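Reviewing the structure listed below.
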Amino acid sequence: MLHFHNTENNRKEPFKPLVEGKAGLYTCGPTVYDYAHIGNFRAYLFEDVLRRYLEFRGYEVNHVMNLTDVEDKIIRRARETGKTIYECTAPYIDAFFEDLDTLNIKRANQYPRATEHIEEMLSMIRTLRDKGFTYEKDGSIYFRIREFKEYGRLSGVRPEDVLSGARIDSDEYEKDDARDFVLWKAKKEGEHFWETEFGEGRPGWHLECSAMSIKYLGEQFDIHCGGEDNIFPHHENEIAQSEGCSGKKFVNYWLHCRHLLVDGEKMSKSKGNFFTLRSLLDKGFHPMAIRFFIISNHYRSPLNLTMDSLQAAHSAWSRIMDFRQRVKERIASNVEAPKQIDLQREMDACLTRFIEHMDDDLDTPRASSALFDFIRDANKIFDSEAVGSKQAQEALELLDRVDETFGVMKEDEALLDDEVDQLIQERQDARKNRNFARADEIRDLLAGKGIILEDTREGVRWKRR
RNA sequence: GGCGGCGUAGCCAAGUGGUAAGGCAGAGGACUGCAAAUUCUCCAUCCCCGGUUCGAAUCCGGGCGCCGCCUCCA
């Protein structure tokens with residue numbers, strides 16, 4: 001039985017979807033004013049694993065991720081550069097989707113954009129106004145949290161505590177109460193705006209997620225995710241708005257991932273520990289190693305990224321890929337052999353443990369240990385030469401089954417240029433003639449090009465890096 | 001100040017009452033022309049102090065240390 005840790009009550013609960021066999025999933029997406037950083041991708045990877053595992057478990061998932069394409073920083077940049085907000089965000093939207101592909105993140109069913117859902121947001125404001133949740137001040141519309149009795153249900157932040165915080169900053173917009181949040185922001189001079197019944201302005205950030213999730217998933221849906229920093233105030237405010245409108249329970253399961261740290265500290269540009277996916281790739285890290293590093297840690301634990309930990313993840317990932325390669329070679333060899341009962345038992349155990357651990361709030365670290373245990377035991381059996389092609393095929397199917405969720409076993413295009421191909425041939429000839437000096441010379445040369453050679457009984461095998 | 005989380009081997013990281021998964025790194029052995037890959041062996045008593053219990057990394061209390069949120073930052 002699948003269980004999730006629900007932020008709302010801080011407990012693990014069995015997952016019961018609203019509709020049998022289906023799962024509605026909303027995940028807070030990027031603000032597209034810059035390249036997403038690796039911390040953002042931790043959240044998207046966690047959500048990808050969640051979505052993949054739900055599908056693995058037979059759920060039909062409707063996954064919606066928003067693109068925040070209008071907010072203060074975007075508007076500021078547009079004003080500074082003289083471009084439209086759409087011109088400012090377009091390149092980063094493209095980059096975002098490229099990065100998703102790089103990390104083998106499955107596409108959501110919908111990527112609604114804030115700018116295309118202004119009407120839905122206005123409609124919510126209208127309803128909230130009619131129900132007495134809002135007030136207007138200087139052209140902006142605010143949500144009065146006092147009117148929503150359950151405010152604080154998700155985060156545990158009690159309204160009366162918010163004010164005691166030392167860092168309340170409300171100088172930009174005047175509110176009745178610093179704890180209230182804005183639904184509609186009056187435009188300032190030179191800013192992008194929409195002409196509406198509430199005046200010229202733009203939507204507040206929290207509103208878009210409520211409007212779009214309700215539009216695509218309904219007033220009630222199963223799962224809503226984001227990074228831990230979204231718990232308060234963003235998701236707390238979403239609940240207030242959404243439930244204020246509908247009068248119904250908005251979301252049944254709130255899942256949040258902890259932050260990714262770099263060298264033990266929160267990423268920030270000023271500390272110089274700020275990485276985009278692209279900058280890590282430039283340092284030579286393999287995208288699948290980055291993916292494995294992130295998904296093989298538990299999503300509710302802080303994750304500390306260091307160059308060493310990425311390197312270690314690469315080694316671990318290589319172990320998986322080396323084994324997979326070995327299995328594929330065995331399949332291709334067309335060897336007949338009686339079925340290995342031991343291997344069958346290990347395969348069954350691997351899948352059983354994998355499911356058991358993933359069912360337990362997506363315990364990917366333990367799920368991966370089930371995989372590694374299998375790889376070790378299977379390698380041992382393969383060493384004995386006792387596995388036939390047919391059973392190797394079954395082993396490959398098991399790996400693929402696991403990878404439906406992990407998504408780390410994406411292979412590189414297996415292309416070698418002619419020069420490298422010739423060098424490998426030349427080295428094989430040299431080895432035959434026992435000219436090991438030349439053979440080693442070539443191996444070192446190729447290593448310098450990032451190509452690693454392994455001499456196996458079946459012949460030479462190569463891989464990158 | 002308020003809310004929440006964490007502290008397990010050199011590093012990463014599971015494990016929430018019965019005598020510590022897994023990965024990386026390291027040492028040694030097997031295999032190999034040498035490597036690589038693979039495999040075998042070795043490598044912790046769980047921040048500190050009390051308490052509960054037949055029994056605690058796991059529960060309770062108190063410390064110490066670290067982190068996040070309370071700013072439209074996943």
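Chain letters run A, B, ... following the sequence lines, proteins first, then strands; residues in each count from 1. Note that the structure is predicted; figures quoted are calculated from it, not measured.
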Nearest to the [X] side chain among [options], which nucleotide is it?
X	options	answer
A:Arg326	B:rA37, B:rG23, B:rU38	B:rU38
A:Asn10	B:rG4, B:rC24, B:rG33	B:rG4
A:Met267	B:rC73, B:rA14, B:rA74	B:rA74
A:Phe372	B:rG68, B:rA21, B:rG22	B:rG22
A:Arg353	B:rA21, B:rA37, B:rA14	B:rA21
A:Asp322	B:rA21, B:rC73, B:rA37	B:rA37
A:Ala439	B:rA14, B:rU39, B:rG33	B:rG33
A:Arg376	B:rC70, B:rG22, B:rG33	B:rG22
A:Leu261	B:rU38, B:rG33, B:rC67	B:rC67
A:Ser369	B:rC73, B:rG22, B:rA25	B:rG22

Original post:
Does the side-chain ring of A:Phe436 lie flat on the base of B:rG33, meaning centres under 5.5 Å and planes less than 30 degrees apart?
Top reply: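 Whether judged by distance or by angle, A:Phe436 passes, so it stacks on the base of B:rG33.
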What about [X], does its side chain sit under 3.5 Å from the base of [N] through a donor-acceptor pair?
X	N	answer
A:Asp455	B:rC34	yes
A:Arg258	B:rC6	no
A:Arg366	B:rA21	no

Subject >> Rounded distance [0.5 Å steps], CZ in A:Arg300 versus CG in A:Asp361 >> reply: 4.5 Å
Subject >> From A:Leu446 atom CG to A:Arg464 atom CZ, the distance as rounded to the nearest 0.5 Å >> reply: 11.0 Å
Please classify the nucleic acid contact of [X] as base, sugar-phosphate, or nothing, using heavy-atom distances under 4.0 Å.
X	result
A:Leu260	base
A:His357	nothing
A:Ser318	nothing
A:Ser315	sugar-phosphate
A:Arg324	nothing
A:Gly39	base
A:Ser155	sugar-phosphate
A:Pro365	base

With both distances under 3.5 Å as the test, what is the Watson-Crick or G-U wobble partner of [N]?
N	value
B:rG1	B:rC70
B:rG17	none
B:rA25	none
B:rC59	B:rG51
B:rU32	none
B:rA44	none
B:rG65	B:rC6

Strictly below 4.0 Å: does [X] bring a side-chain N or O up to OP1 or OP2 of [N]?
X	N	value
A:Thr364	B:rG22	no
A:Arg457	B:rU32	no
A:Asn379	B:rU39	yes
A:Arg443	B:rU32	no

Original post:
If you find the nucleotide of RNA chain B closest to A:Lys380 and the one closest to A:Glu71, which residue's nucleotide is nearer the 5' end?
Top reply: A:Lys380
Subject >> Closest-nucleotide 5' rank along RNA chain B - winner of A:Asp373 and A:Asn297 >> reply: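 Its nearest nucleotide lies further toward 5', so the answer is A:Asn297.
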Between [M] and [N] - [atom1] atom distance, rounded Å:
N	M	atom1	value
B:rC59	B:rU39	C1'	42 Å
B:rC60	B:rC70	C1'	29 Å
B:rA44	B:rG10	C1'	12 Å
B:rA13	B:rC54	C1'	32 Å
B:rG7	B:rA25	C1'	22 Å
B:rU8	B:rG22	C1'	14 Å
B:rG5	B:rG61	P	13 Å
B:rC66	B:rC48	C1'	15 Å

Original post:
Taking all non-hydrogen atoms of both residues, which atom of A:Ile145 and which atom of A:Asp180 are closest, and how far apart?
Top reply: N-OD1, 3.0 Å
How many Å lie between [atom1] on [X] and [atom2] on [N], as a whole number?
X	N	atom1	atom2	result
A:Trp205	B:rU71	CH2	P	12 Å
A:Asn66	B:rA74	CG	C1'	11 Å
A:His235	B:rA74	NE2	P	10 Å
A:Asp440	B:rA35	CG	P	10 Å
A:Ile320	B:rG23	CD1	P	11 Å

Original post:
Hey, do the aromatic rings of A:Phe406 and A:Phe354 have their centres closer than 6.0 Å?
Top reply: yes
**OP:** Classify the side-chain pair A:Tyr26/A:Asp222 by whether it contains a donor and acceptor separated by less than 3.5 Å.
**Re:**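 Result is no, nothing qualifies.
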Subject >> A:Glu228 and A:His259: side chain donor to acceptor below 3.5 Å >> reply: yes
**OP:** Check step by step if ring pair (Phe, Tyr, Trp, His ring centres under 6.0 Å) holds for A:Tyr92 and A:Phe97.
**Re:** CA-CA 9 Å; A:Tyr92 297 109; A:Phe97 286 116; over 10 Å; no
